[in-house]
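So the structure is just underneath, and the comments pick up after that.
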Amino acid sequence: MAFSKIEIILNRFSLLSFIVPFVYRLLLELYAYPFALGYDVMAFYVPFLLGYAELSPLRLYATAPLYYLALHAMYGLTGDPIVAVKVVAVLLEGFLGFALYMWGFVVFKSRVKALIFSLLTSFYFIILRLSWDLHRNVLGLSLALLMLSVVYGWWSFKVRSSLSLSLAVLTALAHQLCPLILVSALLPRILRRCRLSIAVASVSLVFWLSIVYASSIASSRGLYNQLLSYLALLAPSIEQLFPVGLSALEFLAYAVMPLIPFLAYSIMRGIKQRCDFRFLLPAFSWLAFCIVMTPFMSFGYRFVLLAPIPIIMMTTAFSGKKVTMALSAIVLMLGLGYTLCSAYSPFPYFNEPIMWRQEFKYAIPTSILQNTVPLEDSPSLARIMKTATSIAYSRAKSIFLISRPMLGYALLSGLPKDKIVVYGDPIERNSSIMASYLKEGYEVYLVWWMQGYKWYGAEINDIVDGHAYSITYCEEPFALYLIER
């Protein structure tokens, strides 16, 4: 059946691909209000909006700035950092669903299959984890998928050229990883010397390299050392908390394990029916790139988060109705379990023994219902920070050691920026920081979990690293500690 260009973009199937994920995330964000969902949201996005770290144009460009610019614009419209990140998160969820549909339609030439592919992918637990807090990834991925639908699509060469080149630039400006994924999906056409694909890949890689170069200047590393830092063997200590090397490959197995039987069935069915697999070459190339890069890169787990997309595409291609329904049931079960169960009582697939490595929990949280702390604990942490703010204004020479995960809460409570010392990762040793401020006569306060609680394996005695302390105020499961001189 032939479709007009308008019918391809605007129809009930494409609208559903946007609306269903949009409504899902909208309901989640309304449930979580007035608190946010997502680790990066509270640790990085909210502090950015509240101006904790002033970024020079160079440092902003080095972060791949498109998402931050869009978020700042939304903040200007709403005037509320939490509302701004929530609105952007909801829009991105719908945008990703629509982008998946568009690429699915170009590949399958079927609106029904495109919608099935879009919804299965959008609600697979790994993609839910991706959209949970990696908003920059989602924006870049959505733009890359739209660009693929243009390059492989139905538009005239002139329209495809202008649209795809523009989307290639935006993809690179959205996230540093997405241009690499984009080039991997374009590789089959690049090898066939398609001029448009070569041009799009080149433009995307040039902008990607410019961002890497800006990052190398901002960090004073130099371009060569900046590129070397991406290798798993040379990963910074904070990144080694995540799955790297062979454990990243194990994480890949964990991430796609529910899909493997369906993928095998689909491929065997396609071979049996003597189907032409060439239309799936971009998906094969994408998946192969993710598998190859995962163990060698310091951020290899990020490739794992993108691997289910081509797998679901290949699975959707040749599966019959019954198998598709069975796959939908599995995806729905895992998605609902990931969405509805709390961080303290996670769905079995997201806890030991099925989640067999501790590193996996750094790459995928046990539940969506959390930000940097479980959602049910957010009110307590907010009240702890309010108490800390009162002390900060009443004690002239006081300083507050705040771990990066709690920074958003501290800033939202009104804790003065000049009294905040961010000490990085929650399990970092802090003895020297505490000692230096105590020596200068400061009252040093620390917000952390109460005694008996652990967070990613760290308890209060690990954080104070030998210093004596007393509890100033507590509200389970958190406490405000005063470090003794």
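Count residues from 1 along the sequence.
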Show me the donor-acceptor pairs, under 3.5 Å and distance only, between side chains in residues 406-414 and residues at least two apart or in other chains.
residue	atom	partner	partner atom	Å
Tyr409	OH	Asn371	OD1	2.7
Tyr409	OH	Asn371	ND2	3.1
Tyr409	OH	Ser378	OG	2.7
Ser413	OG	Met385	O	3.4
Ser413	OG	Thr389	OG1	2.9
Ser413	OG	Ala410	O	2.7

Side chains of residues 165-190: which donor-acceptor pairs under 3.5 Å do they make with residues two or more places apart or in other chains?
residue	atom	partner	partner atom	Å
Ser166	OG	Ser162	O	2.8
Thr171	OG1	Ala144	N	3.4
Thr171	OG1	Leu167	O	2.7
His175	ND1	Leu177	N	3.0
His175	NE2	Asn137	OD1	2.9
His175	NE2	Arg302	NH1	3.4
Gln176	OE1	Arg136	NH1	3.3
Gln176	NE2	Ala62	O	3.4
Ser184	OG	Ile181	O	2.6
Arg189	NH1	Val151	O	3.2

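Between the side chain of Thr324 and the backbone N or O of Gly320 there is at least one donor-acceptor pair closer than 3.5 Å. For Lys113 (side chain) and Ala317 (main-chain N/O), a donor-acceptor pair under 3.5 Å exists by modelled atom type. A donor-acceptor pair is defined here as one N or O able to donate and one able to accept, closer than 3.5 Å; no such pair exists between the side chain of Ser118 and the backbone of Ala114. In this structure, the side chain of Ser131 engages the main chain of Ile127 through a donor-acceptor pair within 3.5 Å. In this structure, the side chain of Arg404 does not engage the main chain of Val422 through any donor-acceptor pair within 3.5 Å. Looking at Ser14, its side chain does come within 3.5 Å of a backbone N or O of Asn11 through a donor-acceptor pair. Side chain of Ser149 to main chain of Leu146: a donor-acceptor pair is present (N/O by atom type, distance under 3.5 Å, no hydrogens or angles). No donor-acceptor pair under 3.5 Å is formed between the side chain of Ser204 and the backbone N or O of Val200. In this structure, Lys86 contributes its side chain and Phe35 its backbone to a donor-acceptor pair below 3.5 Å. A donor-acceptor pair is defined here as one N or O able to donate and one able to accept, closer than 3.5 Å; such a pair exists between the side chain of Thr315 and the backbone of Ile311.
Ring centers of Phe318 and Phe277: under 6.0 Å apart, within the cut-off. For Phe360 and Tyr254, the ring centers sit closer than 6.0 Å to each other. Aromatic pair Tyr152/Phe279: centroids not less than 6.0 angstrom apart. Under the 6.0 Å cut-off for aromatic ring centres, Phe18 and Tyr101 do not qualify, their centroids lying 6.0 Å or more apart. Aromatic ring centres of Phe125 and Phe350: separated by under 6.0 Å. For Tyr338 and Phe347, the ring centers sit 6.0 Å or farther from each other.
The minimum heavy-atom distance linking Leu130 with Leu306 is given by the pair CD2-CD2, 4.1 Å. Of all heavy-atom pairs between Tyr39 and Pro405, the closest is OH-CG, 3.0 Å. When all heavy atoms of Cys341 and Ser367 are compared, the closest pair comes out as O-OG, 2.5 Å. Here the shortest heavy-atom pairing between Tyr124 and Val256 reads OH-CA, 3.8 Å. Ala283 and Met313 make their closest contact through CB-SD, 4.0 Å (heavy atoms, listed as atom of the first residue, atom of the second, distance). Between Arg59 and Thr63, the shortest heavy-atom distance links the atoms O-CG2, 3.2 Å.
Around CZ of Arg357, the count of heavy atoms belonging to other residues, nucleotides or ligands within 6.0 Å exceeds 12. Residue Tyr213 places its OH atom among 12 or fewer non-hydrogen atoms of other residues, nucleotides or ligands, all under 6.0 Å distant. Few gaps surround CE on Met333; more than 12 heavy atoms of other groups in view lie less than 6.0 Å from it. Within 6.0 Å of the CZ atom in Arg160, the count of heavy atoms belonging to other residues, nucleotides or ligands exceeds 12. Counting non-hydrogen atoms of neighbouring residues, nucleotides and ligands closer than 6.0 angstrom, the CZ atom of Phe207 reaches no more than 12 such neighbours. Heavy atoms from other residues, nucleotides or ligands lying under 6.0 Å from CG of Leu27 number more than 12.
Each of Thr78, Leu71, Leu37 was checked for a side chain to side chain contact (heavy atoms under 4.5 Å, CB included) with Val85, and the lone residue meeting it is Leu71. The only member of Phe284, Phe296, Phe303 that meets ring pair (Phe, Tyr, Trp, His ring centres under 6.0 Å) when paired with Phe289 is Phe303. With Phe44 as the partner, the side chain to side chain contact (heavy atoms under 4.5 Å, CB included) test is satisfied by one option alone out of Val46, Asp40, Val41: Asp40.
Atom CE of residue Met314 and atom CZ of residue Phe117 lie 10.0 Å apart, to the nearest 0.5 angstrom. With values rounded to the nearest 0.5 angstrom, Ile312 atom CD1 is found 11.0 Å from Leu119 atom CG. To the nearest 0.5 Å, atoms CD1 (Ile116) and OG1 (Thr121) are separated by 11.0 Å. Atom CG of Leu139 sits about 11.0 Å away from atom CG of Leu91, to the nearest 0.5 Å. Put simply, OH on Tyr52 and CG on Leu415 are 10.0 Å apart, with the number rounded to the nearest 0.5 Å. The CD1 atom of Ile82 sits 9.5 Å away from atom CD of Glu29, with the distance rounded to the nearest 0.5 Å.
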Checklist entry - Please walk me through it: do Leu263 and Met268 pass side chain to side chain contact (heavy atoms under 4.5 Å, CB included)? => result CA-CA 9 Å; Leu263 175 64; Met268 290 175 63; over 6 Å; no
Next on the checklist: Walk me through whether Glu93 and Leu128 qualify under side chain to side chain contact (heavy atoms under 4.5 Å, CB included).
Outcome noted: CA-CA 9 Å; Glu93 196 87 28; Leu128 291 179; 4.1 Å; yes
Item to check | side chain to side chain contact (heavy atoms under 4.5 Å, CB included) between Val138 and Phe95, intermediate numbers included | outcome: CA-CA 9 Å; Val138 173; Phe95 184 39; over 6 Å; no
Item to check | side chain to side chain contact (heavy atoms under 4.5 Å, CB included) between Ser122 and Leu100, worked out | outcome: CA-CA 8 Å; Ser122 295; Leu100 286 165; 3.6 Å; yes
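Taking the side chain as every heavy atom from C-beta outward, Leu369 and Leu28 approach each other to under 4.5 Å. Side-chain atoms of Pro258 and Tyr349, non-hydrogen and from C-beta on, do get closer than 4.5 Å to each other. Taking 4.5 Å as the limit, some side-chain heavy atom of Phe251 sits within range of a side-chain heavy atom of Leu305. Between Tyr362 and Tyr301 the shortest side-chain heavy-atom distance does not fall below 4.5 Å.
Note: Tyr67 and Tyr45 have tilted aromatic rings, judged against thresholds of 30 and 60 degrees for the angle between ring planes.
Residues satisfying the ring-ring contact (aromatic ring centres under 6.0 Å, His included) test with Trp132, not counting sequence neighbours, are none.
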